[in-house]
Amino acid sequence: MKTTSRIFFGTAAIAALALAGCGRSQPAADTASTAAPAAEANSPAAAKPATGRAIAITANDTMKFNITEIHAKPGEALAVTLTNEGTVPKFSMGHNWVLLAEGTDLNAFASEAATAAATEYVPVSFKDRVLASTKLLGPKESATALFYAPTKPGRYPFLCAFPGHMQVGMKGELIVE
Ligand SMILES: [Cu+2]
């Protein structure tokens, strides 16, 4: 399938700032004189990096991610690639990878997600809480989410939004430290 991954980012207004602020060697001083505040940790990153540290995650018909913890530096560019290694058709066993803002109510998200088939189970009502996501994958498909880790240290939940999957453990955390 050629469908482009839908990444539910917010406005692009602060894209340039996010790009400017991602390097670890960046001086502490604020170098962007024109600027609005950089993206807060709980706001979706405004820009996607062109590339990032590759992190491979697999999912399969047992409804588990092979990785449940990802560690990252604040603002680090990441390229999370989810591969669905299962064989069960997408309509009954699709998987995606959705990173959410710190403190998001996962049960509330899952409850909304269950009726959000039209948006690949990523509910529009939680759009502002989605920091990065892949499209929904059928068997043997893979997709990559390119994003900057939040700049604020913390634990950011990720999950598969397909109905029922988070509840049986298809979730983990991005730990920014
Ligand atoms: Cu799943």
Side-chain angles (χ1 to χ4, degrees), residues 1-10 41-49 51-72 76-150 154-177:
M1 297 292 113
K2 296 278 188 186
T3 314
T4 304
S5 293
R6 291 296 307 269
I7 308 291
F8 294 92
F9 287 138
N42 272 350
S43 303
K48 282 196 295 181
T51 184
R53 178 163 59 90
I55 296 164
I57 304 182
T58 62
N60 59 36
D61 296 338
T62 65
M63 293 174 282
K64 293 282 184 289
F65 288 127
N66 69 323
I67 289 174
T68 56
E69 274 191 7
I70 299 170
H71 293 262
E76 184 179 5
L78 299 175
V80 171
T81 298
L82 176 66
T83 301
N84 179 358
E85 296 183 331
T87 58
V88 178
K90 182 176 173 179
F91 73 88
S92 59
M93 185 59 76
H95 300 296
N96 58 10
W97 184 87
V98 182
L99 177 68
L100 297 168
E102 193 171 26
T104 300
D105 182 337
L106 298 189
N107 290 319
F109 179 94
S111 170
E112 290 285 307
T115 59
T119 51
E120 299 194 323
Y121 304 106
V122 178
V124 171
S125 56
F126 277 78
K127 190 177 171 185
D128 291 347
R129 308 291 289 173
V130 175
L131 304 183
S133 65
T134 68
K135 67 173 183 172
L136 192 68
L137 303 175
K140 312 308 178 195
E141 291 185 320
S142 67
T144 299
L146 270 166
F147 63 100
Y148 291 107
R155 303 174 81 96
Y156 298 79
F158 63 79
L159 51 74
C160 173
F162 195 90
H165 290 195
M166 184 278 284
Q167 292 89 333
V168 298
M170 204 165 183
K171 62 182 177 178
E173 285 183 318
L174 170 69
I175 299 169
V176 177
E177 58 194 355

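The first residue of the sequence shown is numbered 1, and numbering continues consecutively from there. All ligand and atom numbering here is 1-based and tracks the order in the structure.
- When side chains are defined from C-beta on, Y121 counts as touching L136, because their heavy atoms get closer than 4.5 Å.
- Contact annotation: the side chain of E141 never approaches that of H95 to less than 4.5 Å [non-hydrogen atoms, C-beta and beyond].
- Tested against T144, the residues T81, T134, T83 include a single side-chain hydrogen bond (donor to acceptor under 3.5 Å, both in side chains) partner, T81.
- With rounding to the nearest 0.5 Å, the separation of CG in N66 from CG in N60 is 8.5 Å.
- Under the 4.5 Å side-chain criterion, counting only non-hydrogen atoms from C-beta, V80 is not in contact with L174.
- Within the protein, the N, O or S atoms lying under 2.8 Å from the Cu ion (ligand 1) are H95 ND1, C160 SG, H165 ND1, M170 SD.
- Between F158 and the options N96, L100, V98, I70, a side chain to side chain contact (heavy atoms under 4.5 Å, CB included) holds for only I70.
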